[in-house]
Amino acid sequence: VHRMSKKVLLASIIAGFVAITLQGTALAHVVVKPAEVQTAAFQTFTVSAPNEKEMPFNTVKVLIPSGMHHVTPTVKQGWRIDTEKTGEGESATVTSITWSGNTVPSGMRDEFSFSAQAPEAETDLQWKAYQTYENGETIAWDLSEAEQPKKEDGSPDFSKSGPFSVTKVASVSEATAAIQRS
């Protein structure tokens with residue numbers, strides 16, 4: 001019986017962690033995954049960009065948080081990929097990636113990816129993203145949830161902006177730590 005209750009407790013802890021982790025990104029429409037990565041790990045990051053407007057979008061720009069190393073975009077057929085950097089030569093650091101030159105129709109979504117090495121210290125990576133539509137309108141996914149404008153009824157107003165996505169950088173993942181404690 002003790003062994004069974006320990007398993008139930010562990011499952012509850014993991015389910016609670018997943019719910020809390022997803023809660024922070026549930027409102028972010030342009031989302032960078034994974035939600036968690038280990039310190040100094042090389043990782044492929046995926047930018048999920050749905051089209052929630054009545055017209056196609058044609059550009060997605062993601063700002064790369066400080067501390068990221070070896071940032072390399074993945075080739076995406078039909079899209080032009082531009083990177084902005086600070087510094088020169090081997091000390092150059094990618095500060096943003098922009099995908100443009102193609103479209104994602106209304107009601108559809110697409111994914112864009114890049115690889116990078118996570119920071120060496122524990123932190124929360126704040127992924128600020130900008131989605132531009134064919135008419136030139138840009139939606140800025142660069143606010144904290146507390147900064148998100150509200151409609152008159154109190155619900156979030158995503159017409160011009162939205163919350164940024166977050167990836168937790170941890171020395172040991174929360175799920176692994178919960179399993180190790182059991």
Side-chain angles (χ1 to χ4, degrees), residues 18-37 43-87 92-119 123-169:
V18 169
I20 289 169
T21 301
L22 294 178
Q23 180 180 16
T25 59
L27 295 177
H29 295 273
V30 172
V31 178
V32 179
K33 298 225 181 227
E36 184 177 307
V37 64
Q43 178 70 47
T44 298
F45 293 89
T46 302
V47 180
S48 177
N51 186 346
E52 300 164 322
K53 298 261 185 205
E54 295 298 319
M55 73 188 83
F57 73 80
N58 56 16
T59 305
V60 174
K61 179 177 183 174
V62 175
L63 302 186
I64 305 300
S66 66
M68 301 291 287
H69 302 286
H70 310 290
V71 177
T72 308
T74 305
V75 171
K76 180 141 179 81
Q77 190 68 32
W79 291 84
R80 178 177 157 188
I81 303 169
D82 294 305
T83 58
E84 292 179 29
K85 299 178 182 180
T86 60
T93 302
V94 174
T95 57
S96 73
I97 303 171
T98 302
W99 291 269
S100 63
N102 205 337
T103 61
V104 175
S106 178
M108 303 296 276
R109 60 180 289 282
D110 205 345
E111 292 183 340
F112 307 86
S113 66
F114 62 95
S115 68
Q117 183 180 20
T123 189
D124 285 339
L125 300 172
Q126 297 178 354
W127 300 103
K128 297 182 178 184
Y130 304 88
Q131 189 174 22
T132 304
Y133 289 82
E134 280 191 336
N135 68 354
E137 177 186 8
T138 297
I139 305 297
W141 304 102
D142 62 357
L143 302 174
S144 69
E145 287 185 31
E147 297 171 312
Q148 182 60 44
K150 304 275 190 237
K151 296 178 187 175
E152 285 184 29
D153 66 3
S155 65
D157 180 359
F158 299 123
S159 62
K160 303 241 183 276
S161 63
F164 50 74
S165 182
V166 176
T167 297
K168 180 180 180 69
V169 179

If every non-hydrogen atom of [X] is compared with every non-hydrogen atom of [Y], which pair is closest and at what distance?
X: Thr95; Y: Lys85; answer: OG1-N, 4.0 Å
X: Glu145; Y: Pro163; answer: CG-CB, 3.9 Å
X: Pro156; Y: Lys151; answer: O-CE, 3.5 Å
X: Asn51; Y: Val104; answer: ND2-O, 2.8 Å
X: Gln148; Y: Leu143; answer: OE1-CD1, 4.0 Å
X: Leu63; Y: Trp127; answer: O-CE3, 3.8 Å

Under the rule for side chain to side chain contact (heavy atoms under 4.5 Å, CB included), what residues qualify as partners of [X], not counting sequence neighbours?
X: Thr44; answer: Ser113, Ser115
X: Pro119; answer: Met68, Thr123, Leu125, Val169
X: Ser66; answer: none
X: Gln117; answer: Ala40, Phe42, His69, His70

For atom CE of Met108, is the number of surrounding heavy atoms from other residues, nucleotides or ligands below 6.0 Å larger than 12? no
Residues at least two apart in sequence or cross-chain that pass ring pair (Phe, Tyr, Trp, His ring centres under 6.0 Å) with Phe112, listed by chain then number, are Trp79, Trp99
Approximate separation, where rounding is to 0.5 Å, of [X] [atom1] and [Y] [atom2]:
X: Tyr133; Y: Met55; atom1: OH; atom2: CE; answer: 8.5 Å
X: Lys76; Y: Phe114; atom1: NZ; atom2: CZ; answer: 14.0 Å
X: Glu52; Y: Ser106; atom1: CD; atom2: OG; answer: 10.0 Å
X: Ile81; Y: Thr74; atom1: CD1; atom2: OG1; answer: 7.5 Å
X: Thr103; Y: Phe57; atom1: OG1; atom2: CZ; answer: 9.0 Å
X: Ile97; Y: Ile64; atom1: CD1; atom2: CD1; answer: 4.0 Å

Could you name each residue pair satisfying salt bridge (charged side-chain N to carboxylate O under 4.0 Å, His left out) that touches [range], not counting sequence neighbours?
range: residues 157-167; result: none
range: residues 133-142; result: Lys53-Glu137
range: residues 54-74; result: Lys61-Glu84

With sequence neighbours excluded, what pairs up with Asp82 under the salt bridge (charged side-chain N to carboxylate O under 4.0 Å, His left out) test? Arg80
Test of understanding: with salt bridge (charged side-chain N to carboxylate O under 4.0 Å, His left out), list the residues that count as partners of Glu111, not counting sequence neighbours. Arg109
What residues form a side chain to side chain donor-acceptor pair (under 3.5 Å) with Gln77, not counting sequence neighbours? none
Taking only residues two or more places apart in sequence or in another chain, which ones pass side chain to side chain donor-acceptor pair (under 3.5 Å) with Asp153? Ser155
May I ask you to decide if Glu36's main-chain N or O and Gln43's side chain share a donor-acceptor pair within less than 3.5 Å? no
Qualifying residue, where the test is side-chain hydrogen bond (donor to acceptor under 3.5 Å, both in side chains) with Thr132 and the options are Thr98, Asn58, Thr59, Thr138: Thr138
Side chains of Ser165 and Trp141: do they bring a donor and an acceptor to under 3.5 Å? no
Where do Val60 and Val47 land on the side chain to side chain contact (heavy atoms under 4.5 Å, CB included) test, with the steps shown first? CA-CA 9 Å; Val60 174; Val47 180; 4.3 Å; yes
